[in-house]
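The figures here come from the full heavy-atom set of this structure, side chains too, leaving out hydrogens, waters and symmetry mates. Here is the naming used below: chain letters follow the sequence lines, and residue numbers restart at 1 for every chain. Every value quoted in this text rests on a predicted model; they were computed, and no experiment measured them.
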Amino acid sequence: MAEEQRAATYQPQEVEEKWYKIWEENGYFSSEINADGEPFCIVMPPPNVTGQLHMGHALDQTLQDVLTRWRRMQGRRTLWLPGTDHAGIATQAKVEEALAKEGISKYDIGREAFLERTWEWKDTYHARITKQVRKLGCSCDWEKERFTLDEGCSRAVREVFCELYDKGLIYRGSYIVNWCSHCQTTISDIEVEHKDHEGHLWHLRYPYTDGSGYIVVATTRPETIPGDTAVAVNPNDPRYADKIGKTVTIPVNGRELPIIADEYCDMEFGTGAVKITPCHDPNDFDIGQRHKLEQLNVIGRDGKMNEAAGKYAGMTTAECREAIIKDFTDMGMLEKITEINHSVGECYRCGTVVEPLVSPQWFVKMLPLAKPAIDKVNDGTIRFVPERFTKTYIGWMENIRDWCISRQLWWGHRIPVWYCADCGETIVAKDDPTCCPKCGGAHLDQDPDVLDTWFSSGLWPFSTLGWPDQTQLLKDFYPTSVLVTGYDIIFFWVARMIFSGLEQMDEHPFDDVFIHGIVRDELGRKMSKSLGNGVDPLEIIAQYGADSLRFMLMTGIAPGNDTRFKPERLEGARNFLNKLFNATRFALMNLEDYEEGRYPLQLTLADKWILERLRITAIGVNENMEKYELGEAARMIYDFSWDEFCDWYVEIAKARLYRGTPEERHTAQTVLATVLSHIMELLHPFTPFVTEDLWQKLPHNGETIMLAKYPNGVGMDAYEEEAQQMQQIMDCIRAIRNIRAEMGVQLGKKADVIFAAEPQLLDLVKTGESYIMSLASAASVTLEAAGFAAPAQSAKAHVRGIDIFLPLAGVIDIDKEIARIEKEIAACDADIARLSGKLNNESFIGKAPAAVVEKERNRLKECEDKRVSLVEHLQLFK
RNA sequence: GGGCGUAUAGCUCAGCGGAAGAGCGCUUGACUCACAUUCAAGAGGCCGUUGGUUCGACACCAACUACGCCCACCA
């Protein structure tokens, strides 16, 4: 790249590294900054230490950083607390995979060595992740970084476990749970993904024991037959009314089953008779409880039939299914097979079909916890943004079932429960006990299981602030201000934090929950490993810089909606930042001799206009930020910076910078520098690096833009009238440019321009003369009284009371001009028809606000004037 | 079976109870002394369908259609 061109192109890589280091070293991310300010706190959703960050993280973290930087610049005492999650199943699976590559299993090395390996893994990925977060520019307080498995969080987990146990909210029991035979652990209900499968419904004959024929049951899972302990029918089903109380015999193993009556049975479905397998189906489990049926566990944790399955023992469930169907067929007991589309539960991690089975596990009793968690959202204490997610949350919370929290893993918080080998006592304790409090025995075995990862994640808003200790940090920042996360983990995480926070702290964990969508690929597909369509944020940062990535992610998004990752949009963001870079370069070239306050300011119309537009923009940006409409805020800054400041103001300022008096030049320099640095400040939360770099080069007060005051429009002089006047001049310039372009008069060629209007408007034109000269490339500007007769062979435009003539003898194409004018007239006609229709409507006059009516009247008059003016001009050519 | 979302320019998407917006793409012109990662001008929309509320609806309400998502104990 040529040196010259390079100088005109922003090089993000050169500045990003530098500024992050300076910020971090100077402690600007610390919550001690703005120590007297009102606290503002976000706890970062901790990324899993399983791998690297993806685009979803980049979106999530950018949103948080924008909010944090904005609040910090407002003077709030901000704490954005970073951290990582140990992610039990996911991380353990990764390490097991790594071991498998070495040809060993976790059992070969044992629990302790395995955990050592996992901690090493954690260290590696933790380092990688935090580096990525830094690359992205996140202003989190690294001094306070936490990990879900660190000493403090572990203490919090034990504390909560013991408290809930003491209150009877945690219990151990043998209930039906979801078992993943691949991950070799239980998973909670929400970790089961239901997918539709085409399957078969086997209609099987179970003969009555008394020899009086048979009953036909329909099942999708014949392999569970060895575990049947009843057949159920609906008590109101006339078909079976006289069969209730009888027994049937399972043909393939000769066991006898009672026929019971239960409302659960749907008379419309299948045959209306259901085989009941309490140990391997959640519904059947409930029925079994109701009728005190025997529990017969026939499927083992390895996904194979166990001894209780008799002759089928040792088979996989699939093999068993086949064998049983064959046996029924051979015995003539298969009535028929029908097709059925039904949903099958799969493990969310590995996709293995989940096996429901009964096993002793630890549970959290949800009903008492859900109640306040629902209330605090319903009463507005916790607010979801967008609001619609409230319904999602409430709906789930109202139908919640007890939460199975024990996992048969090694990586995680070990359940703080010990069993006395001597007397069988169960000891639940915060601190490791040395002997049994009941019998004094020293043979204690700790429960081998660990807790669900989300158990510790649920404590994140307070465990990270120091709880269970009553730290100052906790007092200052709990409840936190806002939680920023994707809609995909409302149940997994948000809900758990809410009930855990309310239970332990007696106070809600955050005021707002700001929900965002997911980042999809260019085609709108979810980014995933299997599709290989993921985009690595680090690669994008290397290519375009973190600021471009951030800006792209922040624009064109609406709260709660998904967004697509489009490379073109990345280029747009890069171009915008390059634009600002060049605008700053231009300013700096013209600020070499600048000295603040050297002359009194002589603000021109354009100066007042751009200052007013800045004021309005600043107000709008803050309003949108308050509503979490970050995309809208970013768009406002973009439009103002590019369209108004760069394309208009900078061009206008050139005349005074190059040829003005020292006073004029000084004023232009001042406004240029002021507006530009305010643009940097407004934009800083979105694109922190480039704005800091450019702001530093411009005249500024303070050591970092991070701590500059965020522009909010308050205290700025208002110039509403001047802004409107300037808009009119700009419209005139656009009209002239339009004529020139349509007539093929290139901007390189100067053209004479004649304005005709009432004196007041002529004054305005006079004021804007220099802008017209330069921006419309006029050779001369002549002012004439209203009603001035058009010179021969001229083109004409009309802008709100101002007639504009371009004498173009020899250049003008009469046909083109006629066509152009006719098009304009047609547009006027359409407007006139609409407006007069409205104004002739008495209801409109009577019921619409007076200001609206007045506005429409003015508009109509303008349209009519314009039409008259243009029609008059058209006559000249006919 | 419930719940939710989306439907606006060729594409991707913002937006809004009082004259349809952006980016990209397209057309035409310009290497104009910050920037060709640029500048200027322009073409391009019954704002999914049908009703309703309203002086006024692209926006609010209802129904419908299409697509997508979430939840659910569909043997």
(request) Look at the side-chain N and O atoms of Y487(A) and state whether any lies under 4.0 Å from the OP1 or OP2 oxygen of G68(B). (result) no
(request) Rounded off to whole Å, could you give me the CZ-to-P distance for the F389(A) and G5(B) pair? (result) 9 Å
(request) Indicate yes or no: does K838(A) engage E856(A) in a salt bridge with an N to O separation below 4.0 Å. (result) yes
(message) Using atom C1' in both nucleotides, what's the gap between C55(B) and C60(B) to the nearest angstrom?
(response) 16 Å
(message) Any base atoms under 4.0 Å from G272(A), or only sugar-phosphate, or nothing? Heavy atoms, all strands.
(response) base
(request) Give a yes or no on whether a donor-acceptor pair under 3.5 Å exists between the nucleobase atoms of U37(B), that is its base, and the side chain of R574(A). (result) yes
(message) Could you tell me how far apart F269(A) (CZ) and G1(B) (C1') are, to the nearest whole angstrom?
(response) 13 Å
(request) Nearest-nucleotide wise, let me know which of D189(A) and M589(A) is further upstream toward the 5' end of RNA chain B. (result) M589(A)
(request) Respond yes when some side-chain nitrogen or oxygen of W642(A) is under 4.0 Å from OP1 or OP2 of C39(B), and no when none is. (result) yes
(request) In whole angstrom, give me the gap between the C1' atoms of G51(B) and A9(B). (result) 27 Å
(request) Assign E193(A) to base, sugar-phosphate, or nothing according to its heavy-atom contacts below 4.0 angstrom with the strands shown. (result) nothing
(request) Taking atom P in both U65(B) and U49(B), compute the distance separating them and give it to the nearest angstrom. (result) 15 Å
(request) Given side chain to side chain donor-acceptor pair (under 3.5 Å), test D693(A) with Y10(A) step by step and report yes or no. (result) CA-CA 11 Å; D693(A) 199 59; Y10(A) 174 56; 5.8 Å; no
(message) Does E568(A) have more than 12 heavy atoms from other residues, nucleotides or ligands lying within 6.0 Å of its CD?
(response) yes
(message) Quick check for you: among A75(B), C35(B), C13(B), whose closest atom lies nearest to any side-chain atom of D266(A)?
(response) A75(B)
(request) Answer with base, sugar-phosphate or nothing: what part of the nucleic acid does D196(A) contact at a heavy-atom distance below 4.0 Å? (result) base
(request) For nucleotides C61(B) and G25(B), find the distance between their P atoms and express it as a whole number of Å. (result) 37 Å
(message) For Y206(A) and D228(A), which I'm curious about, is there any donor-acceptor pair between the side chains at under 3.5 Å?
(response) yes
(message) Without decimals, in angstroms, what is the distance between F586(A) CZ and A34(B) P?
(response) 6 Å
(message) Could you check whether K579(A) makes a cation-pi contact with F645(A), meaning its NZ or CZ is under 6.0 Å from the centre of the six-membered ring and within 45° of the ring axis?
(response) no
(message) In this structure, how many angstroms lie between the P atom of A41(B) and the CE atom of M743(A), rounded?
(response) 16 Å
(message) Rounding to an integer number of Å, can you tell me how far K749(A) NZ sits from A40(B) P?
(response) 20 Å
(request) Could you check whether K526(A) gets within reach of a base, just the sugar-phosphate, or nothing at all, counting any heavy atom under 4.0 Å? (result) nothing
(request) Round to the nearest Å and state the distance from R734(A) atom CZ to A41(B) atom C1'. (result) 12 Å
(request) Classify the nucleic acid contact of Y10(A) as base, sugar-phosphate or nothing, counting any heavy atom under 4.0 Å across all strands shown. (result) nothing
(request) Tell me what T219(A) touches on the nucleic acid: a base, only sugar-phosphate, or nothing, going by heavy atoms under 4.0 Å. (result) sugar-phosphate
(request) Give one of base, sugar-phosphate or nothing for R569(A), where a contact means two heavy atoms less than 4.0 Å apart. (result) nothing
(message) If I take atom CG in residue N738(A) and atom C1' in nucleotide G42(B), what distance separates them, rounded to the nearest angstrom?
(response) 8 Å
(message) Using the C1' atom as the point on both nucleotides, what is the distance between C71(B) and A59(B), in whole Å?
(response) 30 Å
(message) Using the side-chain heavy atoms of F491(A), tell me which of these nucleotides is nearest: U38(B), C13(B), C70(B).
(response) C70(B)
(message) Let's test this: given Watson-Crick or G-U wobble pairing with both distances under 3.5 Å, identify the partner of G10(B).
(response) C24(B)
(request) Please tell me which of V650(A) and N841(A) maps to the more 5' nucleotide of RNA chain B, matching each residue to the nucleotide holding its nearest heavy atom. (result) V650(A)
(message) Quick check for you: among C74(B), U12(B), C55(B), whose closest atom lies nearest to any side-chain atom of S843(A)?
(response) C55(B)
(request) Report the base-pairing partner of G1(B) (Watson-Crick or G-U wobble, both distances below 3.5 angstrom), or none. (result) C71(B)
(request) Compare the minimum distances between each of G42(B), A34(B), G23(B) and the side chain of E742(A), then state the nucleotide with the smallest one. (result) G42(B)
(message) Applying a 4.0 Å non-hydrogen cut-off, can you work out what K579(A) is touching in the nucleic acid: base, sugar-phosphate, or nothing?
(response) base
(request) Looking at every strand, decide which applies to A587(A) at a 4.0 Å heavy-atom threshold: base, sugar-phosphate, or nothing. (result) nothing
(message) Nearest to the side chain of N561(A), heavy atoms from C-beta on, is which of U6(B), A34(B), U37(B)?
(response) U6(B)
Between protein and nucleotides 17-21 of chain B, what N or O pairs are separated by less than 3.5 Å?
residue, atom, partner, partner atom, Å
A19(B), OP2, R859(A), NH1, 2.1
A19(B), OP2, R859(A), NH2, 2.9

(message) Using the P atom as the point on both nucleotides, what is the distance between A40(B) and U32(B), in whole Å?
(response) 14 Å
(request) Answer yes or no: is there a donor N or O on one side and an acceptor on the other, between the side chain of Q728(A) and the main chain of V799(A), under 3.5 Å? (result) yes
(message) Distance check, rounded to the nearest 0.5 Å: M527(A) atom CE versus R564(A) atom CZ?
(response) 11.5 Å
(request) Would you tell me if any nitrogen or oxygen in the side chain of R221(A) comes within less than 4.0 Å of OP1 or OP2 on A75(B)? (result) no
(request) Name the nucleic acid region contacted by E651(A), choosing base, sugar-phosphate or nothing; use a 4.0 angstrom heavy-atom cut-off, strictly under. (result) base
(message) Could you tell me if K275(A) and T277(A) have a donor-acceptor pair between their side chains, going purely by distance under 3.5 Å?
(response) yes
(message) What is the separation between atom NZ on K391(A) and atom C1' on G2(B), rounded to the nearest whole Å?
(response) 10 Å
(request) With rounding to the nearest 0.5 Å, note down the distance linking CE in M625(A) to CZ in F686(A). (result) 4.0 Å
(message) Rounding to an integer number of angstrom, what distance separates C46(B) and U8(B) when you compare their C1' atoms?
(response) 12 Å
(request) Indicate yes or no for a side-chain donor-acceptor contact from N533(A) to the backbone of S528(A) under 3.5 Å, with no hydrogens or angles considered. (result) yes
(message) Once you apply a heavy-atom cut-off of 4.0 Å, does D639(A) come out as touching a base, just sugar-phosphate, or nothing?
(response) nothing
(request) Determine the contact category for Y638(A): base if any of its heavy atoms lies under 4.0 Å from a base atom, sugar-phosphate if only primed atoms, P, OP1 or OP2 are that close, otherwise nothing. (result) sugar-phosphate
(request) If C64(B) has a Watson-Crick or G-U wobble mate with both distances under 3.5 Å, name it; if not, just say none. (result) G48(B)
(request) Report, as yes or no, whether the 6.0 Å neighbourhood of atom CZ on R239(A) holds more than 12 heavy atoms from other residues, nucleotides or ligands. (result) yes
(request) Take atom P in U6(B) and the same atom in A14(B), then report the distance between them in whole Å. (result) 9 Å
(message) Checking side-chain polar atoms at under 3.5 Å, does D562(A) have a donor or acceptor matched by the opposite partner on Y487(A)?
(response) yes
(request) Spell out yes or no: do the side chain of E268(A) and the base of A75(B) have one donor N/O and one acceptor N/O closer than 3.5 Å? (result) no
(request) Hunt down the Watson-Crick or G-U wobble partner of C31(B), both distances under 3.5 Å, from any strand shown, or write none. (result) none
